[in-house]
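Each ligand, and each atom within it, is numbered from 1 in the order the structure gives.
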Amino acid sequence: QSSVLHKFKGILYSTMCSEELLNSLDFFNAREDDVFLVSYPKSGTHWVAEVIENIPNVSMSLTSPIELGDISKFEELNMYCKRRVIPTHLSYNMLPMNIKQKQCKIIYIVRNPKDTAVSLFHYYRDNPNLPGIETWAGFLELFLRGDVVYGSWFDHVLSWEEHKNDKNILIIFYEEMKRDLSKSIKKIINFLGINVSDSEINKITRKTSFSEMKNNAAKENCDPNHTICALTTNRNLVFRKGAVGDWINYFTSKQKRVFDELFTEKMKDSELARHFEDSS
Ligand code: A3P
């Protein structure tokens, strides 16, 4: 493996997520009003973060990912006065104990795995914080083996699915956001217990469209205080195509078959996986 990633408990992480920090997550002091924004990489994390940041008149601050940095992280997070919105790509098992005990609100964003794989493939190619890769075929093998950053998509989603009926967890689908963004925005706002008028929801919908966010990325670029994914501070790397079903341009029919076989095997008891039957 290359020097930009390291393994912790069998899972690959960026070296910017230090081993000491990963080892100390259970010492994190959660606040009851914390909100966690959780996802496997490339599932639409920046999108949901943007929705939350555009909710008017609420006192919330988006922090950088909980797993990004070194042992001084918890001090940094203690400095926030406002209600914290904390992004992370951790699986359920890795999430600090305290967050589970205090039943903090958690939004889990999930996207169909073929599009996620294609999006992550481009991230690997374009992002200097990820290892270099040669081909799509080679990358897909790594993805299916879970030999990519944050591990297997299947295991990540399954770890969160076990908790999908917990009252403090909201599951949001990327495809649902594409189909009806205002509806997803309303869900998020209701879940957070905030009141927002319909005209304000329309405004958030406009501000969080793919084109709007892509255009703004260049302006806001590289603000280290606005880091949502532990793998980059460069927002220009994030807004690529923003589409559902782009996988069709990458998967050969054999690759699709191999993928579907593993999907069926891994996700056989998953209700969540049924959402992807149309788009996969
Ligand atoms: P693509 O690479 O398929 O374009 P994350 O924020 O978790 O890193 O996910 C990034 C993916 O979400 C990218 O997918 C990106 O284009 C897409 N995305 C970000 N903002 C979006 C938006 N407003 N509408 C649709 N897709 C968006």
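- Between E19 and K9 no salt bridge is recorded (no basic side-chain N to carboxylate O distance below 4.0 Å).
- Remark: N127 engages no residue in a side chain to side chain donor-acceptor pair (under 3.5 Å) (not counting sequence neighbours).
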Without placing hydrogens or testing angles, list every side-chain donor-acceptor pair under 3.5 Å for residues 30-39, not counting sequence neighbours.
from : atom 1 : to  : atom 2 : distance (Å)
R31  : NH1    : Y80 : O      : 2.9
R31  : NH2    : N78 : O      : 3.3
R31  : NH2    : Y80 : O      : 2.7
D34  : OD1    : R84 : NE     : 2.9
D34  : OD1    : R84 : NH2    : 3.4
D34  : OD2    : R31 : N      : 2.8
D34  : OD2    : R84 : NH2    : 2.8
S39  : OG     : T45 : OG1    : 2.8
S39  : OG     : H89 : ND1    : 3.1

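- N249 CG: more than 12 foreign heavy atoms inside a 6.0 Å radius.
- Considering only residues two or more places apart in sequence or on other chains, Y92 meets the ring-ring contact (aromatic ring centres under 6.0 Å, His included) condition with W160, H163.
- Listed by chain and residue number, the protein contacts of ligand 1 are K42, S43, G44, T45, H46, W47, R111, S119, Y174, T208, S209, F210, M213, V238, F239, R240, K241, G242 (heavy atom within 4.0 angstrom).
- Salt bridge status for E176 with K187: present, with a side-chain N to carboxylate O gap under 4.0 Å.
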